[in-house]
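Some notes on the structure that comes next.
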Amino acid sequence: MTDQIARLHITLEDIEPVIWRRVELPLANSLKTLHLAIQAAMLFETYHMFRFDVGKASYGIPMKDDWMDPPTRDAGNIRLAQLVERGITSFIYTYDFGDDWRHHIEVEGVFAADPAHQYPRFVDGARRAPPEDVGGFPGFEAFVDAMTKPRHPNRKAMLEWYGRPFDPLDISADEINARMAKLAKRRASGKAAHAHAKSVKHQ
């Protein structure tokens with residue numbers, strides 16, 4: 001049976017010009033895998049906590065001292081298929097509760113997987129996402145301003161902090177694809193291990 005995949009459009013909210021990505025994931029994938037796919041697509045480093053807000057429910061990493069109401073559910077325990085079956089067409093992903101990067105996720109459609117591709121898969125996008133710990137929207141705005149103006153007084157300091165030049169237009173598609181390939185490889189290994197366990201069980 002051919003896998004079904006969801007095509008998702010991800011927009012980083014409140015930033016102009018718009019930073020966005022389009023990715024495809026199997027419906028069998030969990031929201032935790034979607035979190036990892038977004039990290040790969042945005043070139044984040046999984047340094048911080050995350051949360052998906054789907055209707056009135058929240059999914060992430062449950063904690064004993066959870067202040068959320070209702071409490072955060074385990075993102076690894078809900079599949080994209082369940083959201084699609086419930087008619088969910090959009091939801092919110094927040095990464096790093098300090099910098100507070102809120103992403104609007106739209107389900108653009110559900111399709112049969114293409115055997116020529118591995119999933120999760122990066123499709124396209126525009127503009128480079130903020131670096132880790134840049135200081136939220138104000139910090140990112142100041143960072144981009146300094147990094148794109150050769151004579152800016154803070155450019156040298158920002159270059160030393162970031163470690164390399166920053167081009168707002170360069171999303172580094174090759175690096176994104178390499179990260180997605182690692183995710184796809186892990187998924188393929190997991191499916192193979194699951195199939196092997198089932199065959200052993202029924203011998």
Please report the interatomic distance [atom1]([X]) to [atom2]([Y]), rounded to the nearest 0.5 Å.
{"X": "His117", "Y": "Ile5", "atom1": "NE2", "atom2": "CD1", "result": "9.0 Å"}
{"X": "Asn29", "Y": "Asp3", "atom1": "CG", "atom2": "CG", "result": "9.0 Å"}
{"X": "His103", "Y": "Trp20", "atom1": "NE2", "atom2": "CH2", "result": "14.0 Å"}
{"X": "His104", "Y": "Ile92", "atom1": "NE2", "atom2": "CD1", "result": "5.5 Å"}
{"X": "Glu24", "Y": "Gln118", "atom1": "CD", "atom2": "CD", "result": "13.5 Å"}
{"X": "Asp124", "Y": "His9", "atom1": "CG", "atom2": "NE2", "result": "7.5 Å"}

Taking [X] for its side chain and [Y] for its backbone only, find out whether a donor-acceptor pair lies under 3.5 Å.
{"X": "Arg128", "Y": "Asp170", "result": "yes"}
{"X": "Gln39", "Y": "Thr46", "result": "yes"}
{"X": "Ser30", "Y": "Thr33", "result": "yes"}
{"X": "Asn154", "Y": "Ala157", "result": "no"}
{"X": "Arg21", "Y": "Ala41", "result": "yes"}

>> Filter on ring-ring contact (aromatic ring centres under 6.0 Å, His included), then keep only pairs touching residues 119-140, sequence neighbours left out; what's left?
In response: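 Listed by first then second residue: Trp101-Phe137.
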
> Does the pair Leu80 and Leu34 meet the rule for a side-chain contact (heavy atoms from CB on, under 4.5 Å), with working shown?
Replying inline: CA-CA 9 Å; Leu80 289 173; Leu34 175 56; 4.2 Å; yes

Which atom names give the shortest non-hydrogen contact between [X] and [Y], and what distance separates them?
{"X": "Pro168", "Y": "Val144", "value": "CG-CG1, 3.9 Å"}
{"X": "Val134", "Y": "Trp161", "value": "CA-CH2, 3.9 Å"}
{"X": "Ala40", "Y": "Arg179", "value": "CB-CB, 3.6 Å"}

Side chains of [X] and [Y], heavy atoms from C-beta outward: is any pair under 4.5 Å?
{"X": "Tyr93", "Y": "Ile38", "result": "yes"}
{"X": "Asp74", "Y": "Ile61", "result": "no"}
{"X": "His152", "Y": "Met147", "result": "no"}
{"X": "Phe44", "Y": "Leu36", "result": "no"}
{"X": "Val23", "Y": "Arg121", "result": "no"}
{"X": "Pro130", "Y": "Asp99", "result": "no"}
{"X": "Lys149", "Y": "Arg155", "result": "no"}

> Does the side-chain contact (heavy atoms from CB on, under 4.5 Å) test come out yes or no for Ser172 and Leu43, once each step is laid out?
Replying inline: CA-CA 9 Å; Ser172 295; Leu43 298 182; 3.9 Å; yes

>> Phe143 vs Tyr162, test: ring pair (Phe, Tyr, Trp, His ring centres under 6.0 Å). Steps then yes/no.
In response: CA-CA 10 Å; Phe143 172 78; Tyr162 188 59; 5.4 Å; yes

Using the rule that Ile, Leu, Val, Met, Phe, Trp and Tyr join whenever any side-chain heavy atoms are under 4.5 Å apart, tell me whether [X] and [Y] fall into a single cluster.
{"X": "Phe97", "Y": "Ile15", "answer": "yes"}
{"X": "Leu169", "Y": "Met158", "answer": "no"}
{"X": "Met49", "Y": "Ile78", "answer": "yes"}
{"X": "Tyr59", "Y": "Ile88", "answer": "yes"}

> Can you check whether Tyr95 and Phe50 have ring centres sitting under 6.0 Å from each other?
Replying inline: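 When the ring centroids of Tyr95 and Phe50 are compared, they turn out to be at least 6.0 Å apart.
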
> So with a 6.0 Å cut-off around CD of Glu141, is the heavy-atom count from everything else above 12?
Replying inline: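 No, not enclosed.
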
>> I'd like to know whether Asp133 forms a side chain to side chain donor-acceptor pair (under 3.5 Å) with His48, so could you lay out the CA-CA distance, the side-chain angles of the two residues, the decisive distance to 0.1 Å, and finally the verdict.
In response: CA-CA 10 Å; Asp133 303 320; His48 302 285; 2.7 Å; yes

>> Any carboxylate oxygen within less than 4.0 angstrom of a Lys/Arg side-chain nitrogen, looking at Glu16 and Arg127?
In response: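 No.
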
> Is it true that Arg51 and Asp53 make a salt bridge, defined as a side-chain N closer than 4.0 Å to a carboxylate O?
Replying inline: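 Result for this pair is yes, salt bridge flagged.
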
>> For Leu25 and Leu8: C-alpha separation, side-chain torsions, deciding distance, then whether side-chain contact (heavy atoms from CB on, under 4.5 Å) applies.
In response: CA-CA 8 Å; Leu25 287 87; Leu8 307 175; 4.1 Å; yes

>> Run the salt bridge (Lys or Arg N to Asp or Glu O under 4.0 Å) test on Glu85 and Arg79 for me, step by step, so that the C-alpha distance in whole Å, both residues' side-chain angles and the decisive distance to 0.1 Å come before the verdict.
In response: CA-CA 10 Å; Glu85 288 167 2; Arg79 311 287 169 184; over 6 Å; no

>> Using the rule given for side-chain contact (heavy atoms from CB on, under 4.5 Å), can you reason through Val110 versus Leu27, listing the C-alpha separation, both sets of side-chain angles and the distance that settles it, and then say yes or no?
In response: CA-CA 8 Å; Val110 174; Leu27 291 183; 3.8 Å; yes

